[in-house]
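One-based numbering along the sequence shown.
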Amino acid sequence: MPSFMLTTNVAVADSAKFNAKASKLMAQITGKPEKFVCVSVRADTPMSFGGSADPCGYVVLVNLGGFKDNKAICGHVFTLLERELGLAKDRVYVEINAPNGADYGWNGSTFA
Ligand SMILES: O=C1C=C2C[C@@H](C(=O)O)NC2=CC1=O
């Protein structure tokens, strides 16, 4: 269940292309098959950051078992958001979550 959830106040011109890139990145950074990856994007959402409605975003990354190198993973995510959506690195928060299997549901049950 590697998951990438972005909320942003900018429009995503080609959401299929962006979602594909985010999905591949999640598979790469977790080492899990892309078939497990879930990507969701809420674009054009009224948001502010630092009291300003300039372009900004909030990303939640989730992976059962956690992530190996949070700093490196944040680097990849910030680069993706800057390149694809023009979001400045200082206008985005990235929240990293590593739930226990018992706290995460899939396929009619939980992972543990
Ligand atoms: O993220 C994960 C997703 C799955 C799916 C399931 C399976 O075996 O099909 N097991 C998983 C473990 C994961 O860590």
Side-chain angles (χ1 to χ4, degrees):
M1 36 119 307
S3 300
F4 175 107
M5 292 163 282
L6 166 66
T7 306
T8 179
N9 56 357
V10 303
V12 178
D14 187 344
S15 59
K17 179 181 159 216
F18 180 82
N19 287 9
K21 288 196 174 195
S23 182
K24 282 181 188 359
L25 176 61
M26 287 302 286
Q28 180 200 318
I29 62 186
T30 60
K32 291 185 181 177
E34 195 178 354
K35 69 177 182 178
F36 294 165
V37 175
C38 179
V39 173
S40 67
V41 177
R42 284 187 292 176
D44 278 320
T45 302
M47 282 180 76
S48 68
F49 191 115
S52 156
D54 287 348
C56 62
Y58 191 99
V59 183
V60 180
L61 304 176
V62 185
N63 186 39
L64 200 60
F67 296 85
K68 282 199 185 106
D69 183 342
N70 288 0
K71 282 189 197 296
I73 283 157
C74 280
H76 290 304
V77 170
F78 282 118
T79 298
L80 175 76
L81 296 178
E82 192 161 57
R83 279 198 190 141
E84 298 299 320
L85 304 180
L87 294 176
K89 294 181 170 81
D90 64 354
R91 300 277 306 159
V92 177
Y93 283 132
V94 177
E95 177 184 327
I96 296 175
N97 290 328
N100 295 316
D103 296 328
Y104 225 82
W106 176 70
N107 198 21
S109 186
T110 60
F111 280 100

Subject >> ring-ring contact (aromatic ring centres under 6.0 Å, His included) against Phe49, all qualifying residues, sequence neighbours excluded >> reply: Tyr93
Is it true that [X] and [Y] fall in one hydrophobic cluster, defined by side-chain heavy atoms closer than 4.5 Å?
X: Val39; Y: Ile73; result: yes
X: Leu64; Y: Ile29; result: no
X: Phe36; Y: Trp106; result: no

Original post:
side chain to side chain contact (heavy atoms under 4.5 Å, CB included) between Arg91 and Asp54: does it pass, once the steps are laid out?
Top reply: CA-CA 8 Å; Arg91 300 277 306 159; Asp54 287 348; 3.6 Å; yes
Between [X] (side chain) and [Y] (backbone), is there a donor-acceptor pair under 3.5 Å?
X: Thr8; Y: Cys56; result: yes
X: Asn9; Y: Ala53; result: yes
X: Asn63; Y: Gly66; result: yes
X: Asp69; Y: Lys71; result: yes
X: Ser23; Y: Asn19; result: no

Original post:
NZ of Lys89 to OG1 of Thr79: how many Å apart, nearest 0.5 Å?
Top reply: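 Reported value, rounded in 0.5 Å steps: 4.5 Å.
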**OP:** Drop me the distance from Leu61's CG to Leu6's CG, to the nearest 0.5 angstrom.
**Re:**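 Nearest 0.5 Å value for the CG-CG distance: 10.0 Å.
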**OP:** Using the ring pair (Phe, Tyr, Trp, His ring centres under 6.0 Å) rule, collect all pairs that involve residues 58-78, keeping only residues at least two apart or in two chains.
**Re:** none
Report yes if some heavy atom in the side chain of [X] is under 4.5 Å from a heavy atom in the side chain of [Y]; otherwise report no.
X: Phe4; Y: Val60; result: no
X: Lys24; Y: Val37; result: no
X: Phe111; Y: Met1; result: yes
X: Cys38; Y: Met5; result: no
X: Val41; Y: Phe18; result: yes
X: Lys21; Y: Arg83; result: no
X: Ile96; Y: Cys74; result: yes

So which heavy atom on [X] is nearest to which on [Y], and how close?
X: Val62; Y: Pro99; result: CG1-CD, 3.5 Å
X: Ala27; Y: Pro33; result: CB-C, 4.4 Å
X: Val10; Y: Pro55; result: CG1-CB, 3.5 Å
X: Ser48; Y: Gly51; result: CB-C, 4.4 Å

Partner residues of [X] under the side-chain hydrogen bond (donor to acceptor under 3.5 Å, both in side chains) criterion, sequence neighbours left out:
X: Asp44; answer: none
X: Gln28; answer: none
X: Thr7; answer: Arg42
X: Asn70; answer: none

